[in-house]
*Asks:* 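Input: one structure, supplied below.
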Number of protein chains: 2
Amino acid sequence: MSRRTLKLGAVLLGVGGPGQHRTWLDPEIPADASVDIDWYLARAEEAEAAKFDLVFIVDSQFITENSPNHYLSRLEPLTLLSALAVHTRHIGLVGTATTSYNEPFNLARRLYSLDHISGGRAGWNVVTSGDAGTAGNYSRDEHYDYATRYGRALEHVRVAQGLWDSYEADAFPRDRATEVFLDPAKQHALNHKGEHFSVVGPLNLERSPQGQPVIFQAGDSEEGRDLGASIAEVIFTHAQTLEQAKAFRTELRERAAAKGRDPEHVLILPGIRLVIADTDEEARAKEDALLGGRSFDRALKELGRPFGWHDFTQYELDAPFPDVASLGERSFRTQAEGITKLAKDNGFTLRQLVEHLSESARSPFVGSPTTVADTIQHWFEEGGFDGINVTVNAPSEFARFTDQVLPILRERGVVRSEYESTTLRGNLGLPIPENRHTAARRPQPEPALVP
Amino acid sequence: MSRRTLKLGAVLLGVGGPGQHRTWLDPEIPADASVDIDWYLARAEEAEAAKFDLVFIVDSQFITENSPNHYLSRLEPLTLLSALAVHTRHIGLVGTATTSYNEPFNLARRLYSLDHISGGRAGWNVVTSGDAGTAGNYSRDEHYDYATRYGRALEHVRVAQGLWDSYEADAFPRDRATEVFLDPAKQHALNHKGEHFSVVGPLNLERSPQGQPVIFQAGDSEEGRDLGASIAEVIFTHAQTLEQAKAFRTELRERAAAKGRDPEHVLILPGIRLVIADTDEEARAKEDALLGGRSFDRALKELGRPFGWHDFTQYELDAPFPDVASLGERSFRTQAEGITKLAKDNGFTLRQLVEHLSESARSPFVGSPTTVADTIQHWFEEGGFDGINVTVNAPSEFARFTDQVLPILRERGVVRSEYESTTLRGNLGLPIPENRHTAARRPQPEPALVP
């Protein structure tokens with residue numbers, strides 16, 4: 001087997017990091033890029049030309065006045081990805097879809113339709129809805145609590161995977177001579193009855209070229225890590241230092257192994273923020289300018305999101321950080337608790353906390369093309385990650401990575417020169433899961449004779 | 001205003017009519033056409049070249065062993081249409097989506113995303129799920145009863161339309177000079193609380209080029225006609241005679257007018273089955289062969305669908321038709337009742353009923369290109385319909401219509417020579433609905449002075 005290469009994900013119109021609310025001011029990006037299909041098509045074609053494994057679309061179903069600008073009006077991910085599918089040939093198409101407010105039958109069907117339309121390039125970023133207000137868009141008085149959200153997520157994925165196995169690979173002979181369209185013995189109802197869902201099936205879609213869409217997941221909480229170890233084939237995360245990255249990857253691989261999975265089939269891809277310039281000094285100056293562009297008031301408002309959009313402007317800036325971590329219970333609990341602990345451990349005031357968070361947003365991947373290539377290769381070879389996700393906003397910034405950094409890594413054999421496959425599984429080096437019903441029919445091997 | 005032309009819809013991989021289960025045997029059609037995106041792309045491009053108003057995708061979410069072959073494995077309509085959107089420029093994209101088992105927020109968002117991706121060409125065929133077994137795929141013990149299904153449908157559409165008005169046309173100044181992205185006064189929550197749904201909003205998508213996707217609907221029952229008169233801008237139906245067609249169109253226009261709507265904005269498009277050959281005799285022989293191709297056993301099984309997939313093989317074929325119309329209550333009630341009444345009025349046995357239904361499937365649109373063009377023009381000018389839906393299966397059969405019949409109608413000014421618009425509303429001659437919030441803000445006209 002050839003050496004595994006670094007996997008590459010492109011987060012189209014990514015948000016996060018300092019200055020995210022100012023992205024639309026960049027004259028290189030259409031101000032309405034989030035609803036501009038031509039913008040997405042052009043970026044997907046560029047990412048494919050650079051042999052990226054996948055494009056990735058984030059999502060949410062609830063907006064407030066403090067939502068990042070591009071969230072206020074944007075295309076639904078799977079609808080968007082289907083349009084990208086017919087203008088690309090190799091790149092994976094990964095969409096975010098919530099398990100909190102979708103029916104498994106509908107979502108499994110849409111993801112599998114995308115998998116067929118793309119010839120086996122679909123991926124599903126499995127999320128639970130973190131904004132409590134989302135409930136109001138779905139005829140519910142109250143958002144699901146944390147445990148329910150994660151329970152639904154696990155069961156939802158299992159149901160979807162069961163539905164994707166509705167037909168064995170050879171279920172449709174479609175033999176015109178004998179006039180046999182379907183072999184009914186290879187069509188399987190699911191008959192799932194669980195705590196959150198009951199789904200009879202079968203799904204009305206045959207087996208796709210990669211068998212099952214690839215499962216992506218992120219989530220740092222105990223529940224999130226447990227879910228990732230159970231179901232995820234690719235895990236998104238963040239990494240501030242190589243040590244943190246290695247520790248996270250080691251832990252997730254061990255957790256997956258403890259669940260009987262092969263850790264080689266769990267890829268860790270942190271989102272990394274690239275700041276590339278001709279020289280290291282210029283790159284550092286560029287990051288300073290980016291960090292300086294973020295207003296304190298904006299940062300203070302955005303701090304509220306993990307706490308259920310709590311309004312922190314009501315507090316005295318120079319008093320100790322208020323203990324409102326419990327407000328994260330129905331929102332982004334782990335993040336809220338982490339921020340609160342950070343403030344408490346350091347004795348931060350509210351102002352100091354906001355300033356510290358802004359400052360610690362500095363990226364380890366800042367420098368000249370060679371410096372950035374060196375850092376990425378070092379982290380990869382040291383076991384910090386199996387691949388990276390980079391945000392694609394301004395095309396010229398993306399081109400710095402594809403045209404200046406990737407050729408160095410390609411020369412060194414760290415990234416691919418050509419796609420290995422036309423499916424997402426094939427390019428990621430992930431196995432095609434055997435259909436469960438085909439597996440059940442396979443004769444069991446004889447027990448080995450003890451000599 | 002120029003004379004209104006005949007509207008043209010293309011039902012891609014349509015089913016219905018005799019021989020539907022044998023479609024896949026046609027060597028001109030890939031046996032797996034229902035999952036072949038290239039097949040759909042080619043047909044959509046042909047329909048657009050022929051200046052059709054729209055392509056139309058049927059759907060269901062529940063299959064049994066008796067489902068038509070292409071239903072056993074097919075692409076989800078909106079996912080499919082998004083792929084077609086980026087390979088076409090003018091043709092409308094109409095997808096079937098059920099109000100019974102979708103959340104209004106999710107469906108409104110997907111339809112509006114398609115509307116944006118296509119530049120204003122989305123249409124929604126509003127249906128309620130007729131197959132009672134569908135409930136089992138959505139964690140429900142029992143299917144919704146008839147009244148609930150239609151109540152949900154009406155409310156679902158109203159919620160979706162409310163969500164589509166979340167942003168007024170000028171809600172996003174996106175002015176880089178002043179750094180104003182959104183005008184919050186032009187963003188509107190919905191705050192809907194109804195019998196079936198409660199949805200806060202706003203939807204996270206700005207106004208589309210045609211303002212709102214076009215609403216399509218079909219349904220012959222009292223509830224179906226009432227729903228159509230309330231919400232539909234295009235109504236699909238069937239028509240066996242010109243008199244029936246005129247009566248249906250007149251009734252629906254009157255019903256719409258009684259609800260305060262302009263009947264000119266309610267278009268009636270029956271699905272018509274074309275059988276075209278070089279001469280009238282050859283066309284009649286072609287239809288005979290088609291009708292003969294349907295087996296009695298198959299027809300007997302398919303008879304069960306409106307009765308909730310009731311098994312009619314258990315009855316004596318030469319005994320009077322059994323009175324099991326009540327089985328349609330949670331399925332296709334009107335159709336089940338109509339069939340039962342037909343059998344009773346004529347004193348049919350089960351065998352006679354099946355044979356009668358097969359025979360009465362004969363089309364009024366059979367003949368040479370000139371004969372078919374004459375018939376279509378006659379029905380159109382007599383007020384039988386505003387347009388027609390034709391099924392597109394074998395490309396050579398579709399070409400007979402586009403290359404032999406349409407040029408005659410175009411020469412006579414019955415159909416368009418060029419698209420009038422890039423939006424579906426524009427081509428159908430339907431108005432762009434004013435955003436309700438913009439309308440509410442508009443100053444009311446002064447009361448007229450009585451002289």
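What you see is a predicted model; the values in this text were computed from it and never measured. Lettering follows sequence order; numbering is per chain, from 1.
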*Asks:* Of the backbone (N, CA, C, O) and the side chain (C-beta and beyond), which part of B:Ala85 lies under 4.5 Å from a heavy atom of chain A, both, or neither?
*Replies:* neither
*Asks:* Verify the neighbour count for atom CD of A:Glu195: are there more than 12 heavy atoms of other residues, nucleotides or ligands below 6.0 Å?
*Replies:* no
*Asks:* Say you draw a straight line from OG of A:Ser82 to CD of B:Glu76; how long is it, rounded to the nearest 0.5 Å?
*Replies:* 9.0 Å
*Asks:* Under 3.5 Å, side chain of A:His87 to main-chain N/O of B:His87, donor-acceptor pair present?
*Replies:* no
*Asks:* Taking B:Leu72's backbone N and O only, do any of them form a donor-acceptor pair with A:Tyr167's side chain (distance below 3.5 Å, no angle check)?
*Replies:* yes
*Asks:* Need one label for A:Pro104: side chain, backbone, both or neither, based on atoms under 4.5 Å from any heavy atom in chain B.
*Replies:* neither
*Asks:* Under 4.5 Å from any heavy atom of chain A, what part of B:Glu103 do you find: side chain, backbone, both or neither?
*Replies:* side chain
*Asks:* Going from CD1 on A:Ile117 to CG on B:Asp38, what distance comes out if it is rounded to the nearest 0.5 angstrom?
*Replies:* 10.5 Å
*Asks:* Below 4.5 Å from any heavy atom of chain A, which atoms of B:Asp59 appear? Answer side chain, backbone, both or neither.
*Replies:* side chain
*Asks:* Do side-chain atoms of A:His116 reach the backbone of B:Ile37 as a donor and acceptor pair under 3.5 angstrom?
*Replies:* no
*Asks:* Give a yes or no on whether the backbone of A:Ser60 and the side-chain of B:Asn204 come within a donor-acceptor separation of less than 3.5 Å.
*Replies:* yes
*Asks:* Suppose a student defines contact as a heavy atom less than 4.5 Å from any heavy atom of chain B. Which residues in residues 105-113 of chain A would they list?
*Replies:* A:Phe105, A:Asn106, A:Arg109, A:Arg110, A:Ser113
*Asks:* Got a second to check how far B:Thr79's OG1 is from A:Leu78's CG, nearest 0.5 Å?
*Replies:* 7.0 Å
*Asks:* Keeping A:Asn137 on the side-chain end and B:Val199 on the backbone end, is there a donor-acceptor pair under 3.5 Å?
*Replies:* no
*Asks:* So what's closer than 4.5 Å to chain B heavy atoms on A:Glu179: side chain, backbone, both or neither?
*Replies:* both
*Asks:* Taking side chain as everything from C-beta outward and backbone as N, CA, C, O, which of these in B:Leu182 sits under 4.5 Å from a heavy atom of chain A? Side chain, backbone, both or neither.
*Replies:* side chain
*Asks:* Among residues 169-177 of chain B, which residues come closer than 4.5 Å to chain A, judged by heavy atom distances?
*Replies:* B:Phe172, B:Arg174, B:Asp175, B:Arg176
*Asks:* Flag the one option from A:Leu80, A:Leu84, A:Asn102, A:Leu25 with the top tally of heavy-atom pairs under 4.5 Å to chain B.
*Replies:* A:Leu25
*Asks:* Relative to chain B, which of A:Gly136, A:Ala189, A:Ser34 shows the most heavy atom pairs under 4.5 Å?
*Replies:* A:Gly136
*Asks:* To the closest 0.5 Å, what do you measure between CZ (B:Phe181) and CG (A:Asp32)?
*Replies:* 8.0 Å
*Asks:* Relative to chain B, which segment of A:Leu41 carries a heavy atom at a distance below 4.5 Å: side chain, backbone, both, or neither?
*Replies:* side chain
*Asks:* Heavy-atom distance under 4.5 Å to chain B: side chain of A:Tyr71, backbone, both or neither?
*Replies:* backbone
*Asks:* Hey, is the main chain of A:Glu206 close enough, under 3.5 Å, to the side chain of B:Ser73 for a donor-acceptor pair?
*Replies:* yes
